[in-house]
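The chains referred to below are lettered A, B, ... by the order of the sequence lines, with proteins before strands, and numbering in each begins at 1.
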2 protein chains.
Amino acid sequence: MNASQFSTKQRILGAAEALFARYGFAGASLRQVTAAANVNLAAVNYHFGSKENLIEEVFRRRLDDLNARRQAALTKGEKRADATLEDTLDAFIRPALELSLDRSGGGAFMRVLARAYAEHDDRLRRFLSDNYGHVLREFVVVFHHMLPHLDKEELYWRLDIVAGALTYAMADFGVIKRKGGVSEQHHRERAAEHLVRFAAAGLRAP
Amino acid sequence: MNASQFSTKQRILGAAEALFARYGFAGASLRQVTAAANVNLAAVNYHFGSKENLIEEVFRRRLDDLNARRQAALTKGEKRADATLEDTLDAFIRPALELSLDRSGGGAFMRVLARAYAEHDDRLRRFLSDNYGHVLREFVVVFHHMLPHLDKEELYWRLDIVAGALTYAMADFGVIKRKGGVSEQHHRERAAEHLVRFAAAGLRAP
DNA sequence: CACTCTGTCAAACGACTGTTTGAAGGATAC
DNA sequence: GTATCCTTCAAACAGTCGTTTGACAGAGTG
């Protein structure tokens, strides 16, 4: 007697993702989540153990894929001798763009990710750093080779700025509203193009 | 029998600002706020009417000043014929930097502001847009004169990116951790310098 | 003196929070 | 057949939420 073809776990994850994006981790209750997922309230604690673990699983489901795509794009570019700074930025930004375009809530997930930045919750930050920090460090190494005029500290400063701008842009928090005729897909693609151009110029600045 | 020289209202606003920065608007309860402010629970509803109004007052207390400083810095630069793009960016960024360095919680407020971006709460967004949108529009006009090679849509895209980067940089969400000997003041000043240089290059990109 | 206004207080309101429980259903294994 | 496992369910748990209440103190005014 399921209202959907998806399993209970998948439906909870999808509903949680959408509601965390809209109301935040504290603002979205498990009753809201389970109602939206058409699932019994107790199912969350049965399948995930706690709300805290549910939050982590919402991240894991998407970030495993996102980081794999980023790493693949990065190592693919590394093998080419003529890879440009724009290529490396693209390897970082395009997977996030593609995820945000994914049907079944990828766009909502980018907003969840942006919220995670704003959360000073130690457990959540450690979880993200422990599980996904290594890919970011690989990007730093490649950028370091491509931008020899920047010392390590300067590079960190600038990548920090890029990461902030990316998060903000992909989460669609900006003041730029889509016009009537423009699809969400096209809007985000343009955002990624602008971001790559802007960030490349900023990184190359003396 | 006050625990502080400040009035009840001021103490509530200060405690709310700090706790909203750390736990978010939904995550920080009025009981936490009033306990931190050393004030009776009912004082919030007596002085502010509701939690929602308290949130707005937390913004109003700082943003009135921030926007006045930005506008003053902008019009001061407009009168000089040799004002550069960096000057205009500085007029936008430096007031935020100074606020974030303010003792009595300016740094916490920048984190609150960053959280507001992540909130899709319609009422809060409308409040911010209605009360502080006009200053942003003035900056757009000045940037438009300084960057004639960008059409209006392109300019909006890039300023959106700048706003996102500024928000995250000032909120101190980045991965760059202050080193032991560096004061928070010095850290934020360096962040502003990097941001101006990065954004100027990004805006000038063809 | 009485009267009003302002601010603070403990206590309570009903609604909502995350989590746990024990019963029940349905599938699979022996 | 019985037994076991996995999953779902309504109901209840203790606690917290934002808000309201009515009493009480102190200052200001007549």
Side-chain angles (χ1 to χ4, degrees), chain A residues 1-61 112 115-116 119 121-124 127, chain B residues 1-61 112 115-116 119 121-124 127:
Chain A
M1 198 31 193
N2 272 348
S4 156
Q5 58 179 317
F6 297 108
S7 71
T8 299
K9 270 182 100 161
Q10 291 301 314
R11 275 184 287 149
I12 291 174
L13 286 169
E17 185 174 69
L19 288 164
F20 288 155
R22 185 177 290 276
Y23 301 111
F25 303 114
S29 73
L30 294 185
R31 281 170 178 81
Q32 282 179 278
V33 169
T34 52
N38 221 322
V39 154
N40 186 272
L41 169 62
V44 169
N45 286 277
Y46 176 79
H47 286 286
F48 299 97
S50 67
K51 184 181 185 179
E52 195 97 32
N53 285 341
L54 169 61
I55 293 172
E56 288 190 3
E57 286 306 311
V58 167
F59 284 103
R60 200 189 307 276
R61 179 172 71 145
V112 173
R115 278 191 185 272
E119 294 287 332
D121 182 288
D122 280 340
R123 174 171 167 174
L124 182 56
F127 166 79
Chain B
M1 204 24 197
N2 272 349
S4 156
Q5 57 179 319
F6 298 107
S7 70
T8 298
K9 268 182 101 160
Q10 290 302 314
R11 276 184 288 150
I12 290 174
L13 286 170
E17 184 174 71
L19 288 165
F20 288 155
R22 186 177 291 276
Y23 302 112
F25 303 113
S29 72
L30 294 185
R31 281 169 178 81
Q32 283 179 277
V33 169
T34 52
N38 220 322
V39 154
N40 186 272
L41 169 63
V44 169
N45 286 277
Y46 177 78
H47 286 285
F48 299 97
S50 67
K51 184 180 185 179
E52 195 97 34
N53 285 340
L54 170 61
I55 293 172
E56 288 190 2
E57 286 305 312
V58 167
F59 282 103
R60 200 188 305 276
R61 180 172 72 144
V112 173
R115 278 192 185 271
E119 296 287 333
D121 182 288
D122 280 339
R123 175 172 165 173
L124 182 56
F127 167 79

Report summary line: Correct closest heavy-atom pair for Arg115(A) and Arg22(A) would be NH2-O, 3.3 Å
Query raised in the report: Whole Å only: how far is the CZ atom of Phe48(B) from the P atom of dT20(D)?
Result: 16 Å
Query - Atom of Arg11(B), atom of Phe6(B) and distance for their closest heavy-atom approach - result: NE-O, 3.2 Å
Query raised in the report: On DNA chain D, nearest-nucleotide positions of Glu52(B) versus Val39(A): which is more 5'?
Result: Val39(A)
Query raised in the report: Separation of Lys9(A) atom NZ from dC6(D) atom C1', in whole Å?
Result: 13 Å
Query raised in the report: Which nucleotide in the set dC17(D), dG18(C), dT20(D) lies at the smallest distance from any side-chain heavy atom of Asn45(B)?
Result: dT20(D)
Query - side-chain N/O Asn40(B) vs dA10(C) OP1/OP2, d < 4.0 Å - result: yes
Query raised in the report: Leu30(A) side chain: which of dA10(D), dC17(D), dG18(C) is closest?
Result: dG18(C)
Report task. Round to the nearest Å and state the distance from Ile12(B) atom CD1 to dG7(C) atom P. Result -> 12 Å
Report summary line: From CZ of Phe25(B) across to P of dC17(D) the rounded distance in Å is 17 Å
Query raised in the report: Under 4.0 Å between a side-chain N or O of His47(A) and OP1 or OP2 of dT8(D)?
Result: yes
Query raised in the report: So, is Thr8(A) close to the dT8(D) phosphate, meaning a side-chain N or O under 4.0 Å from OP1 or OP2?
Result: yes
Query raised in the report: Which distance, rounded to the nearest 0.5 Å, do you find between the CD of Glu56(B) and the CZ of Phe48(B)?
Result: 12.0 Å
Requested in this report: Look at the side chain of Leu41(B) and decide which nucleotide, out of dT8(D), dT20(C), dT19(D), has an atom nearest to it.
Outcome: dT19(D)
Report task. Could you check whether Ala43(A) gets within reach of a base, just the sugar-phosphate, or nothing at all, counting any heavy atom under 4.0 Å? Result -> nothing
Report task. Could you say whether Ser29(A) or Ala42(A) is positioned toward the 5' end of DNA chain C, judged by the nucleotide with the nearest heavy atom to each? Result -> Ser29(A)
Requested in this report: Using whole Å, report how far NZ of Lys51(B) lies from P of dT20(D).
Outcome: 15 Å
Query raised in the report: Looking only at heavy atoms, which two atoms of Ile12(A) and Val33(A) are closest? And how far apart?
Result: O-CG1, 4.0 Å
Query raised in the report: If every non-hydrogen atom of Ala116(A) is compared with every non-hydrogen atom of Phe59(A), which pair is closest and at what distance?
Result: CB-CZ, 3.6 Å
Query raised in the report: Among the nucleotides dT7(D), dT20(D), dG7(C), which one has an atom lying closest to any side-chain atom of Tyr46(B)?
Result: dG7(C)
